Structures are given as C-alpha cells and as structure tokens.
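Written out below as structure tokens is the structure these notes cover.
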Amino acid sequence: MTNLALLFPGQGSQFSGMGRRWYESESSVRERFAQASDIVGYSLADLCYTGSPAELTRTRHAQVALLVLSFGMYEVLGRDRKLPVSHLAGHSLGEITALLAAGAIGFEDAVRLVKVRGEAMEACTAGGETGMIAALRMPVAEVEKCVEEFNADIRTVQVANYNSDRQAVLSGTHEELKGMTSLLEDRGCKVARLNVAGAFHSSFMAAAVPDYVAEIERITFTEPALPVCSSVTGRVYGSVQEIRDALRAQLTGPVRWDAVMSTLTAAGVTRFIEVGPKNVLSRLVSGTVDEAVAHSLDEDADAARAVLDQAVEEHANRPGLVGLCLGAAAATRNRNFDEDDYAAGVIEPYRRLQQLARPDADELTGEQRQEALDLLRTVMRTKHVPDAEQRERIASILRRTGGAGLQVHVEAAST
C-alpha cells in the first residue's frame, strides 16, 4: 500500500499573478485573502494581481501571500472529501502552512506569525550585503568540505538548505559567496545565484529571532491531526513542544529537506502533491526519489487530482487498523496457560478492541488508534509472543493501514 503526502512550498515560489484562477473561481480562497488582508493591513489581492513584482518579492509580503494562497488551495482540495493523506510537509515557510493544514495552529495565528516572521527576516536584509547560492550536481558531503575549506580563512559561509544528496544552498555575504562560487566551480560544481534578499537560514538571521520567538510564545499550538515533518529535524513532530522548539530554530538553522524526504519514503510515501504556486518541490521530488509520482496542484491540477482520486479509492478498500488488530490478537498462538493472566491480558483487551471496531473506524482519534495497537501488544505479550514477532506483526499492520505516524510510539514501547 502506497501513501500520499502533501507538500507546501516556501519563499521563492511566489510570482505576480500567482493563484489568480484559484482566487477568481473559488469564493473560499477570496474569503481567506480578505481575512488575511484585514490582519496584515493591506490587500493581498492587490499585491498578487495588480502590484509590482518587486513588492510581492519582498520577504514581508511573499511569505504571507504564499501561506494564504497555499492554504486556500488546500481547503479547496479537501472541500468535498476527506483527504487520504498520510503526511504533510513544507519547505521552510511551507512548514507553517503544513501545521495550519494539520490543525496545529489557527488561520489567524498563522497569518500573524508569518507576518512577524517576514518582517523580522526582511529587517535583517536591510543592508543588502548578503545572499544565497545553490550548489548543484555535487554531493553535499563534498560541498560541506568546500565550505569548511573556504571558511578556514575566517569566513562565514553556511549551508542553509540540504535539498537533496546533490543539491545544497549556501548563505553568506555577497563578497564571500563570490569566492565560494569560484572554489566550487573549480571543483566541478554548477553554481546558481538565487534571487533572494538575504542570507536566510543562517546566523545572519539572528536579529530576527527575538520578535519571532515572542510571537511563537503568544500562540496556542495543538497536536497536529496528521503527521507533520519538521524541516529542521526531518522527523515527524511528536509533541507541541517539539513544534515550538523547531520553529524557534528555523530562522538560523538549515532546512533539512533531504531528511524530510528520507522520513517520508521510509514511511512508504511514493505519491506527492505540491499545494501552492509553481512546482519547485514536485520537481525536486521527481529528481531525487525513485519511482515517486509527484505533481503540482497549481501547474497540473488534473494530474494531481487523478493521484488524489486513486488514493481515495485505495483508502476506501484499505483494511481497518482495529480489524487487523482483532484478527492478529485472535490468530496469535498462545504460550501462556495461566488463566488469570489470560483473562486480564487477552480476554479483556480483546473485548476493548471489539468496542473500538465499528463501521466509522476512519473517525477514530489518534489516541484510539494508538490504544488499539497497545491492546494488541498486551495480548501478544501475555501470550508470550517473541519481541521480534511482535514488532513484525505491528509493522505489517502499519504498512497495510498507512499508520506510519503511530510507529514511533510502538517502537518506543518495545525497548
């Protein structure tokens, strides 16, 4: 069974006129634009559709516009059906969109957070002395060695984005990046200068952190309803505190998109839909993940919806997690003949599993799904099933039901 992930782009995907057809055809998108415009104090529609490209590209404007448009597109995508999505992820700014889509943060709070984020980051670029370059077609390990060599002479170039094993983005002053470019090109690397205002995801953004952290502390976050990958660690968030910690580190730490993709592919994700303008992330996936199917909802809506339709059909035929737990509990060989142990550790958990099994199993909460797995573990332990067999049975259930987001808890319980 393959899984589907939604990806949300970050700064750099904006362009004048972006999302016009979504805005004009979808009242819900227009409503989100209006709601966000009241918060930021200017018209996002005017910014995107009648303003100058230079104004939209400003960090304080681009980030809010991308968040609102991407989330508006997400709401349209899921308006008429429950999305059979196993994971959400976003590149840098896009991670906040992913958290919003997962219900970990409210829309108004997300807009205010990104407003502060963009304004604080733009303030760090006021001097116009810093920027970013992309190092392409060279193993990232070799790029890191080149950076270390270059910085040996008291320089401050930093790896800002680990996009894949052969693509990295570097931050630094314009003068230092010129020298870094010469070194990389001498070693056979293709280098591209990025059209950005400053050295993002580096220590050059340190002055933006206090205001951003203060806004993070003001917001009430909740547990995501879907697994969301952190672009700081690459791992699925396990708690609200992890969200806060990662967002704090996001401005000055590198984007670990390579780790995000490793997490997703390890969880069986082979289909990706990019939700937002352009196709930066879907192209990156197609170039780095073997046998992946990746489409941009903005660039190729028909293909993206076809992928979604296929996922919906598969999900409808996917066996329920509780039903599989019941089957495994009943079929597991018993090696424990203590009647009291058997009653407490097999019969009672099995009855609870029967209570959880119902036609609307898709509406089970994450806690109830986790409970079902824990009940199965209790049954198997009581029946004296070897640990290795327990792990394999649960891993099989997770693979068949797309429950990869629960796997961390199960593995932790087995240690």
Side-chain angles (χ1 to χ4, degrees), residues 7-18 47-48 51-67 69-70 90-97 114-136 140 143 147 150 155-164 167-181 184-185 189-209 211-212 231-232 247 249-258 274 276-281 283-284:
L7 309 178
F8 299 91
Q11 190 171 350
S13 289
Q14 74 280 348
F15 63 93
S16 292
M18 67 178 188
L47 175 70
C48 292
S52 69
E55 279 300 301
L56 178 59
T57 301
R58 290 182 64 182
T59 301
R60 65 172 58 209
H61 293 156
Q63 293 194 11
V64 172
L66 285 167
L67 170 87
L69 174 58
S70 297
H91 194 286
S92 185
L93 161 74
E95 182 180 338
I96 298 176
T97 317
V114 171
K115 177 179 183 291
V116 171
R117 186 183 193 270
E119 290 172 351
M121 291 174 67
E122 184 174 299
C124 292
T125 68
E129 299 175 352
T130 62
M132 304 175 83
I133 59 173
L136 311 170
V140 171
V143 174
V147 170
F150 185 77
R155 298 186 177 103
T156 56
V157 173
Q158 297 156 61
V159 180
N161 296 356
Y162 291 85
N163 285 335
S164 71
Q167 183 182 129
V169 174
L170 309 181
S171 285
T173 66
H174 290 309
E175 189 63 30
E176 289 181 346
L177 291 177
K178 288 180 182 177
M180 189 74 239
T181 297
L184 288 169
E185 290 179 339
C189 180
K190 178 178 174 59
V191 180
R193 180 177 178 273
L194 301 186
N195 185 23
V196 295
F200 301 137
H201 297 290
S202 73
S203 59
F204 291 97
M205 292 289 112
V209 172
D211 287 347
Y212 185 50
S231 64
V232 173
L247 290 180
Q250 197 184 58
L251 298 191
T252 55
V255 175
R256 293 307 308 246
W257 192 248
D258 57 341
E274 182 174 2
K278 289 190 176 180
N279 60 355
V280 173
L281 298 182
R283 288 175 58 193
L284 189 58

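Scope of the values below: all heavy atoms of this structure, side chains included, with no hydrogens, waters or symmetry mates. Quantities reported herein were computed from a predicted structural model and do not represent experimental measurements.
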Practice item. Sequence neighbours left out, what passes salt bridge (Lys or Arg N to Asp or Glu O under 4.0 Å) with Lys115? Give chain and number order. Key: Glu119
Review point. Tell me, do Val169 and Val159 make a side-chain contact under 4.5 Å, heavy atoms counted?
Key: no
Review point. Where do Val64 and Arg117 land on the side-chain contact (heavy atoms from CB on, under 4.5 Å) test, with the steps shown first?
Key: CA-CA 9 Å; Val64 172; Arg117 186 183 193 270; over 6 Å; no
Study note, to complete from the structure: Residue set satisfying side-chain hydrogen bond (donor to acceptor under 3.5 Å, both in side chains) with Ser70, at least two apart, ordered chain then number -> none
Indicate every side-chain donor-acceptor pair of residues 198-209 with a distance under 3.5 Å to a residue at least two apart or in another chain.
{"residue": "His201", "atom": "ND1", "partner": "Gln250", "partner atom": "O", "Å": "2.8"}
{"residue": "His201", "atom": "ND1", "partner": "Gly253", "partner atom": "O", "Å": "3.2"}
{"residue": "His201", "atom": "NE2", "partner": "Ser92", "partner atom": "OG", "Å": "2.7"}
{"residue": "Ser202", "atom": "OG", "partner": "Ala199", "partner atom": "O", "Å": "2.7"}
{"residue": "Ser202", "atom": "OG", "partner": "Phe204", "partner atom": "N", "Å": "3.2"}
{"residue": "Ser203", "atom": "OG", "partner": "Gln158", "partner atom": "OE1", "Å": "3.4"}
{"residue": "Ser203", "atom": "OG", "partner": "Gln158", "partner atom": "NE2", "Å": "2.9"}

Study note, to complete from the structure: In terms of heavy-atom contacts, Pro277 and Glu274 come closest through O-OE2, 4.2 Å
Check your understanding: With side chains defined as the heavy atoms from C-beta onward, is the minimum distance between Tyr162 and Val140 less than 4.5 Å?
Key -> yes
Revision key, fill the gap. Sorted by chain and number, sequence neighbours left out, side-chain contact (heavy atoms from CB on, under 4.5 Å) with Val191 holds for Ile133, Thr181, Leu184, Glu185, Cys189
Exercise for review: Decide side-chain contact (heavy atoms from CB on, under 4.5 Å) for Glu129 and Thr173; before the verdict, give the C-alpha distance in whole Å, the side-chain angles of both, and the deciding distance to 0.1 Å.
Suggested key: CA-CA 6 Å; Glu129 299 175 352; Thr173 66; 5.5 Å; no
Review point. If you take all heavy atoms of Val232 and Glu95, which pair is closest and at what distance?
Key: N-OE1, 4.2 Å
Practice item. Calculate, to the nearest 0.5 Å, the distance between atoms CG and CE belonging to Asn195 and Met132 respectively. Key: 12.0 Å
Review point. Under the side-chain hydrogen bond (donor to acceptor under 3.5 Å, both in side chains) test, which residues partner Tyr212, sequence neighbours left out?
Key: none
Exercise for review: With sequence neighbours excluded, tell me which residues meet salt bridge (Lys or Arg N to Asp or Glu O under 4.0 Å) with Arg193.
Suggested key: none
Review point. Quick one: CG on Leu7 to CG on Leu281, what's the gap to the nearest 0.5 Å?
Key: 5.5 Å
Ignoring hydrogens and angles, write down the donor-acceptor pairs under 3.5 Å from the side chains of residues 9-17, residues two or more places apart or on other chains.
{"residue": "Gln11", "atom": "OE1", "partner": "Gln63", "partner atom": "NE2", "Å": "2.9"}
{"residue": "Gln11", "atom": "NE2", "partner": "Thr59", "partner atom": "OG1", "Å": "3.2"}
{"residue": "Gln14", "atom": "OE1", "partner": "Gly12", "partner atom": "N", "Å": "2.7"}

Point to revise | Atom of Gly90, atom of Ser231 and distance for their closest heavy-atom approach | key: O-CB, 3.7 Å
**Study point:** Nearest-0.5 Å distance that lies between atom CG in Leu67 and atom CZ in Phe8
**Key:** 10.0 Å
Check your understanding: With sequence neighbours left out, what residues match Arg58 under salt bridge (Lys or Arg N to Asp or Glu O under 4.0 Å)?
Key -> Glu55, Glu122
**Study point:** Non-hydrogen side-chain atoms of Met121 and Leu251 separated by less than 4.5 Å
**Key:** yes
Point to revise | Residues in side-chain contact (heavy atoms from CB on, under 4.5 Å) contact with Val157, at least two apart in sequence or another chain | key: Val147, Phe150, Asn151, Leu170, Glu176, Leu177, Met180
Practice item. Considering non-hydrogen atoms only, spot the tightest contact between Ala197 and Thr125 and give its length. Key: O-CB, 3.4 Å
Check your understanding: Taking only residues two or more places apart in sequence, or in another chain, which ones meet Asn161 in a side-chain hydrogen bond (donor to acceptor under 3.5 Å, both in side chains)?
Key -> none
Exercise for review: Check side-chain hydrogen bond (donor to acceptor under 3.5 Å, both in side chains) between Asp258 and all other residues, then give those that pass, not counting sequence neighbours.
Suggested key: Arg256
Practice item. For Glu175, enumerate each residue passing the salt bridge (Lys or Arg N to Asp or Glu O under 4.0 Å) test, keeping only those at least two apart in sequence or located in another chain. Key: none
